[in-house]
*Asks:* 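Once you've had a glance at the structure underneath, I'll fire off some questions.
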Amino acid sequence: MAKDPPSPDPASPPPPQAPEAELLAHANVWAEAIVSNDAGRIAAFVTTDWVIVSDTGISPGEKFLALVASGDLTHSAMDIVGRARIRVMGETAILTSRITSTTNYLGHQSHADEWTTDVFVKRDGRWLCVLTHYTAAKP
């Protein structure tokens, strides 16, 4: 009769997550922070020099945070759609995914379907975004 494998010791720490799984979980929590519409909570996920790149060019992340703080920009949904592509290179990582979101900017609601690439650096054991690039997805 075969013996059952020993049960894991509940006092033992869980095994470390692969960096890719860690980063994806982090990105999902960041999306939750964005939907919370709390600029301080969102800022905890980015560097002070975070930038957003779009079809209009480069915008400082502080502008995005100020719009959220003022209430002029809110998010009611933000979801990663499908499988994300994650590449970790030491203390730098790139996460590319398709994102759908619902925003309200100055009273006008819109729905977005975009490809987003985020560049992260690991500082003091935490992943922080330094650059977000997005472009509209084709239907």
Side-chain angles (χ1 to χ4, degrees):
M1 184 175 201
K3 290 178 92 178
D4 290 331
S7 298
D9 179 1
S12 298
Q17 289 185 322
E20 291 82 2
E22 175 188 5
L23 194 63
L24 184 58
H26 184 71
N28 283 313
V29 175
W30 185 22
E32 291 171 9
I34 291 172
V35 173
S36 78
N37 298 303
D38 180 333
R41 188 171 164 197
I42 297 166
F45 289 84
V46 300
T47 60
T48 56
D49 59 347
W50 172 54
V51 295
I52 300 169
V53 181
S54 67
D55 61 343
T56 60
I58 300 171
S59 177
E62 62 194 18
K63 180 179 176 184
F64 174 87
L65 294 171
L67 287 169
V68 171
S70 72
D72 289 344
L73 174 64
T74 62
H75 290 76
S76 58
M78 179 164 285
D79 299 293
I80 296 175
V81 179
R83 187 177 197 137
R85 178 184 185 271
I86 303 168
R87 297 296 181 264
V88 177
M89 297 149 280
E91 301 294 303
T92 304
I94 301 170
L95 185 148
T96 304
S97 58
R98 193 165 183 169
I99 302 283
T100 58
S101 65
T102 303
T103 61
N104 188 305
Y105 179 62
L106 298 175
H108 301 285
Q109 187 177 47
S110 64
H111 304 282
D113 183 356
E114 303 165 324
W115 284 101
T116 303
T117 298
D118 293 302
V119 178
F120 292 89
V121 293
K122 199 160 203 179
R123 292 193 182 149
D124 299 322
R126 295 195 64 231
W127 289 110
L128 298 174
C129 189
V130 296
L131 181 140
T132 296
H133 182 266
Y134 66 88
T135 189
K138 286 192 175 187

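None of these values were measured; they are calculated from a predicted model.
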*Asks:* Do the side chains of Ile94 and Val88 join up, straight or via other hydrophobic residues, at under 4.5 Å, putting them in one cluster?
*Replies:*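 The answer is no; the residues belong to distinct hydrophobic clusters.
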
*Asks:* How about Arg98 and Asp113: do any of their side-chain heavy atoms sit closer than 4.5 Å?
*Replies:*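 Heavy-atom side-chain distance check passes, below 4.5 Å.
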
*Asks:* I'd like to know if the side chain of Thr96 pairs up with that of Thr117 as donor and acceptor (distance under 3.5 Å, no hydrogens or angles considered).
*Replies:*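 The answer is yes; a qualifying pair exists.
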
*Asks:* Give every donor-acceptor pair under 3.5 Å between a side-chain atom in residues 29-47 and any protein atom, sequence neighbours left out.
*Replies:*
unit_1: Ser36; atom_1: OG; unit_2: Ala33; atom_2: O; d: 2.5
unit_1: Ser36; atom_1: OG; unit_2: Asp38; atom_2: N; d: 3.3
unit_1: Asn37; atom_1: OD1; unit_2: His75; atom_2: N; d: 2.7
unit_1: Asn37; atom_1: ND2; unit_2: Val35; atom_2: O; d: 3.1
unit_1: Asn37; atom_1: ND2; unit_2: His75; atom_2: O; d: 3.1
unit_1: Asp38; atom_1: OD1; unit_2: Gly40; atom_2: N; d: 3.0
unit_1: Asp38; atom_1: OD1; unit_2: Arg41; atom_2: N; d: 3.1
unit_1: Thr47; atom_1: OG1; unit_2: Asp49; atom_2: OD1; d: 2.7
unit_1: Thr47; atom_1: OG1; unit_2: Trp50; atom_2: N; d: 3.3
unit_1: Thr47; atom_1: OG1; unit_2: Cys129; atom_2: O; d: 3.4

*Asks:* Could you check if a side-chain atom of Leu23 sits within less than 4.5 angstrom of a side-chain atom of Phe120, using non-hydrogen atoms only?
*Replies:*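 Answer yes - side chains close enough.
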
*Asks:* Could you go through the side-chain hydrogen bond (donor to acceptor under 3.5 Å, both in side chains) check for Thr103 and Ser110 one step at a time?
*Replies:* CA-CA 5 Å; Thr103 61; Ser110 64; 2.9 Å; yes

*Asks:* List the atom pairs, with distances to 0.1 Å, where a side-chain N or O of residues 51-67 and a protein N or O form a donor-acceptor pair under 3.5 Å, not counting sequence neighbours.
*Replies:*
unit_1: Ser54; atom_1: OG; unit_2: Thr56; atom_2: N; d: 3.3
unit_1: Ser54; atom_1: OG; unit_2: Thr56; atom_2: OG1; d: 3.0

*Asks:* Does Tyr134 belong to the same Ile/Leu/Val/Met/Phe/Trp/Tyr cluster as Val68, with side-chain heavy atoms less than 4.5 Å apart forming each link?
*Replies:*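 Hydrophobic grouping puts Tyr134 with Val68.
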
*Asks:* Let me check something: do Ile99 and Leu131 share a hydrophobic cluster, defined by ILVMFWY side-chain heavy atoms less than 4.5 Å apart, either directly or through other members?
*Replies:*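 No, Ile99 and Leu131 fall in different hydrophobic clusters.
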
*Asks:* Could you tell me which residues satisfy salt bridge (charged side-chain N to carboxylate O under 4.0 Å, His left out) with Asp79, sequence neighbours excluded, listed by chain and number?
*Replies:*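 If we apply the salt bridge (charged side-chain N to carboxylate O under 4.0 Å, His left out) test to Asp79, skipping adjacent residues, there are no hits.
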
*Asks:* Atom NZ in Lys122, atom CD in Glu22: separation rounded to 0.5 Å?
*Replies:*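 Here the rounded value is 4.0 Å.
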
*Asks:* Could you give the distance from CG (Leu95) to CD (Glu20), rounded to the nearest 0.5 Å?
*Replies:*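 Nearest 0.5 Å value for the CG-CD distance: 10.5 Å.
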
*Asks:* So if you build clusters from Ile, Leu, Val, Met, Phe, Trp, Tyr with side-chain heavy-atom gaps below 4.5 Å, do Met78 and Tyr105 land together?
*Replies:*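 Same cluster.
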
*Asks:* Any chance you could measure Thr102, atom OG1, to Gln109, atom CD, to the nearest 0.5 Å?
*Replies:*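 It is 6.0 Å, given to the nearest 0.5 Å.
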
*Asks:* Is there a side-chain contact between Glu91 and Val121, using heavy atoms and a 4.5 Å cut-off?
*Replies:*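 The answer is no, as the side chains (C-beta and beyond) never meet within the 4.5 Å cut-off.
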
